2 protein chains.
Amino acid sequence: MSNIREIAKRAGVGIATVSRYINSTGYVSEEVKLKIQKEIDELGYTPNALARAIFTKNSMTLGLMIPNITNPFFNQMATIIEEHANRYGYTLFLCNTQDSRKKEIEYLGILKSHRVAGIIASRTMCKEEYVNINIPVVSFENHISSDIPTISSNNYNGGRMAFGHLYDGGCRNMLHIKGPRTFEATEMRYKGFVDAAKEKKLSVDVVEFESDFQVKMLEGNLNDIKNIEHYDGIFVFNDIAAAIVMKYLKERDIKIPQDIQIIGFDNSFICELLHPSLTTVQQPIEEIGVLVVESIIDLINNEELIIKDYLVETRLIQRNSTLL
Amino acid sequence: MSNIREIAKRAGVGIATVSRYINSTGYVSEEVKLKIQKEIDELGYTPNALARAIFTKNSMTLGLMIPNITNPFFNQMATIIEEHANRYGYTLFLCNTQDSRKKEIEYLGILKSHRVAGIIASRTMCKEEYVNINIPVVSFENHISSDIPTISSNNYNGGRMAFGHLYDGGCRNMLHIKGPRTFEATEMRYKGFVDAAKEKKLSVDVVEFESDFQVKMLEGNLNDIKNIEHYDGIFVFNDIAAAIVMKYLKERDIKIPQDIQIIGFDNSFICELLHPSLTTVQQPIEEIGVLVVESIIDLINNEELIIKDYLVETRLIQRNSTLL
DNA sequence: ATGAAAGCGCTAACAC
DNA sequence: GTGTTAGCGCTTTCAT
């Protein structure tokens with residue numbers, strides 16, 4: 001691949017002139033511009049972003065640390081973040097951690113070595129490792145440290161709304177299927193749900209699932225719930241798990257929502273695909289994604305963030321898996 | 001961020017020694033090793049991969065050009081590719097093109113400037129742009145040019161199997177819902193299905209959907225199909241679209257599979273979530289992903305590829321949306 | 001308006 | 001065994 005020196009030589013000018021032309025930084029005569037562009041086209045020259053980054057100290061890359069790109073919540077988030085980062089000229093390194101602390105630490109080293117301008121983290125297994133890294137970090141879904149800006153849905157309130165909706169729909173014997181205890185987001189949903197129940201002096205049953213997204217695992221957990229047909233309302237920690245619960249109930253000829261009402265979380269595309277369609281609590285993915293990118297850009301540009309801890313509101317989306 | 005010179009100075013050695021130590025290339029005494037490591041730890045030094053890449057001419061990065069990370073087929077593929085590339089020490093740039101030619105061309109420029117070692121493309125909107133790029137390219141899902149190695153499922157045979165399965169299940173009045181005509185993969189599925197029908201002297205109806213994955217759009221297309229209840233078997237070009245068709249039928253009280261049998265394509269996680277579970281044609285995602293990565297690595301290492309055009313076999317997964 | 005030269009952080013050939 | 005030095009491709013200061 002050709003370099004700036006070659007372009008300069010062939011165009012009969014100095015390399016500084018070529019650099020100025022490419023970056024539109026400083027005057028270059030129209031005549032010289034044409035000569036340079038001609039050589040660039042002929043050689044198919046593209047400036048080396050690596051060399052440029054060494055000098056400018058900005059690689060124009062970001063690390064996107066995500067547990068599982070297969071999960072609709074995270075891949076929708078990735079889509080928004082990618083689109084928005086791209087608009088600012090940044091390109092993303094995809095770091096799929098599989099919720100593995102080891103892989104996350106490995107990627108942290110890689111991102112550091114590639115001198116990414118910033119890191120967008122989510123549901124991380126590390127704390128310490130992020131604070132002394134000397135690279136701007138923004139987190140969504142969970143809190144890493146008080147120094148690191150965090151944007152998350154109001155999961156607690158989402159849990160409360162889920163309860164309210166089932167309660168108003170007449171449910172008095174509810175079950176909550178909660179996510180793994182290591183996930184901050186699902187933990188908050190659980191708390192909101194239980195707190196709201198307490199206020200109504202209602203006790204609810206709770207079962208914990210071990211995985212957020214592996215169908216086989218979720219099905220295994222389901223079989224452990226005894227007398228599921230005794231409940232009249234179930235709040236499940238995400239839509240995928242809710243879909244599996246729905247299937248489980250349908251296979252046992254339990255009618256949704258007549259016998260059991262069910263409500264999920266996320267408002268992923270699957271809600272519309274199910275029959276009956278799934279009532280759920282919507283996470284404002286677009287809003288979070290945009291805030292994440294804008295925060296990291298501000299941090300990179302050394303601008304002070306006014307708000308360090310965003311809590312974006314969730315919203316109940318009523319569909320056909322609940323009455324009311 | 002500190003550099004190799006600073007480490008060398010503080011450890012009281014030359015920079016070449018530090019370089020040798022870091023890269024385990026050449027002898028360094030145990031005593032010096034300790035001194036160097038101490039400074040590395042103290043300063044939190046990480047070698048600059050950008051500077052290294054300029055010299056070694058290998059950035060250890062790959063570009064992953066994907067139309068839509070939200071689509072289960074592509075995000076599963078991304079997961080496999082990421083995992084496998086990582087094993088070889090490569091990190092991925094995520095390029096989500098949204099099937100936009102403009103965005104793809106933009107990303108091609110970015111990848112080139114970042115001097116990626118190779119590009120993994122899929123369902124691309126460009127041809128020319130890939131052949132003269134002077135970077136190794138491997139494609140899956142569709143063919144770019146005869147020079148570019150391609151790995152794809154045997155979509156044609158998948159279409160044939162789908163027909164055979166419905167036919168053997170007793171269907172004689174079938175509909176195929178095909179994908180957008182710009183997608184090579186769905187075009188092949190369509191051809192396979194129609195060819196197999198012809199061999200049985202059966203005519204089948206075909207309707208084309210305009211999108212592969214946008215629920216609203218797919219639903220719009222569905223309303224254009226008149227008398228859908230007259231069919232006894234439907235082969236849909238992917239699982240998501242099939243799920244939407246299923247929902248549409250269920251809302252009209254058409255029983256699956258008793259009234260209409262239905263079969264999808266991909267074997268994505270959604271098949272197991274539906275009720276009845278969806279019979280489908282499985283794409284060997286893992287196998288394709290591994291081949292893709294190994295091919296690009298071989299190309300990067302200047303090894304000749306023995307096979308330039310892999311066709312990996314698909315498999316019918318029987319579930320409850322079809323009889324037989 | 002343009003070019004020479006220094007320097008970004010690194011590797012490797014070549015001295016010693 | 002280890003250090004000096006040139007050079008990778010770039011940007012930018014400072015002459016001219």
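Numbered from 1 within each chain, the chains take letters A, B, ... in sequence-line order. Values in this document were obtained by computation on a predicted structure and should not be read as measured data.
- In the set dG9(C), dG7(D), dA1(C), the nucleotide with an atom closest to the side chain of Phe55(B) is dG7(D).
- The shortest distance between side-chain heavy atoms of Ser153(B) and Pro284(B) falls below 4.5 Å.
- Phosphate proximity of dT11(D) to Thr25(A): absent, as no side-chain N or O sits under 4.0 Å from OP1 or OP2.
- Annotation: the span from Ile148(B) atom CD1 to Ser295(B) atom OG amounts to 13.0 Å, rounded to 0.5 Å.
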Check nucleotides 3-5 of chain C against the protein and report each pair of N or O atoms closer than 3.5 Å, with its distance, or say if there are none.
{"from": "dG3(C)", "atom 1": "OP1", "to": "Gly14(A)", "atom 2": "N", "distance (Å)": "3.3"}
{"from": "dG3(C)", "atom 1": "OP2", "to": "Gly14(A)", "atom 2": "N", "distance (Å)": "2.6"}
{"from": "dG3(C)", "atom 1": "OP2", "to": "Thr17(A)", "atom 2": "OG1", "distance (Å)": "2.4"}
{"from": "dG3(C)", "atom 1": "N7", "to": "Arg20(A)", "atom 2": "NH2", "distance (Å)": "3.3"}
{"from": "dG3(C)", "atom 1": "O6", "to": "Arg20(A)", "atom 2": "NH1", "distance (Å)": "3.2"}

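- Put simply, CD1 on Ile4(B) is 12 Å from P on dG3(D), counting in whole angstrom units.
- Phosphate proximity of dG9(D) to Asn48(A): absent, as no side-chain N or O sits under 4.0 Å from OP1 or OP2.
- Ser19(A) has a side-chain polar atom (N or O) that falls below the 4.0 Å cut-off from OP1 or OP2 of dT11(D).
- At a threshold of 4.0 Å, the pair Lys33(B)-Glu30(B) counts as salt-bridged, since one of the basic side-chain nitrogens sits closer than that to a carboxylate oxygen.
- When distances are taken from the side chain of Val32(A) to each of dT11(D), dA12(C), dT2(C), the shortest belongs to dT2(C).
- Rounding to whole angstrom units, OH of residue Tyr27(A) and C1' of dT2(C) are separated by 12 Å.
- In terms of position along DNA chain D, the nucleotide closest to Val28(B) lies nearer the 5' end than the nucleotide closest to the other residue of the pair Val28(B) and Arg52(A).
- Atom CG in Leu34(B) sits about 17 Å away from atom P in dG1(D), given to the nearest Å.
- The side chain of Asn23(A) places an N or O atom within less than 4.0 Å of a non-bridging phosphate oxygen (OP1 or OP2) of dT11(D).
- The environment of CD in Glu286(B) is sparse: at most 12 heavy-atom neighbours from other residues, nucleotides or ligands sit within 6.0 Å.
- Under a 4.0 Å N-O distance rule, the pair Glu39(A)/Lys35(A) does not qualify as a salt bridge.
- Between the CG atom of Asn58(A) and the C1' atom of dT12(D) there is a distance of 17 Å, rounded to whole Å.
- Note: CD1 (Ile54(B)) to P (dC8(D)) measures 11 Å, nearest angstrom.
- Of the candidates dT11(C), dT11(D), dG9(C), dT11(D) carries the atom nearest the Thr56(A) side chain, counting heavy atoms from C-beta on.
- In Lys9(B), the NZ atom is not crowded: 12 or fewer heavy atoms of neighbouring residues, nucleotides or ligands sit closer than 6.0 Å.
- dC10(D) atom P lies 20 Å from atom CZ of Arg115(A), rounded to whole Å.
- Among the protein residues, Tyr21(B) comes within range of no part of the nucleic acid, since none of its heavy atoms lies under 4.0 Å from any strand.
- Atom CD of Glu303(A) has more than 12 neighbouring heavy atoms from other residues, nucleotides or ligands inside a 6.0 Å radius.
- Side-chain N/O atoms of Lys57(A) include one lying less than 4.0 angstrom from OP1 or OP2 on dG9(C).
- Counting to the nearest Å, the P atom of dT12(D) and the CD1 atom of Ile22(A) are 12 Å from each other.
- One finds a salt bridge joining Glu129(B) and Arg101(B) here, because a Lys/Arg side-chain nitrogen approaches an Asp/Glu carboxylate oxygen to under 4.0 Å.
- Spacing between atom NZ of Lys112(B) and atom C1' of dG9(D) amounts to 15 Å, rounded to whole angstrom units.
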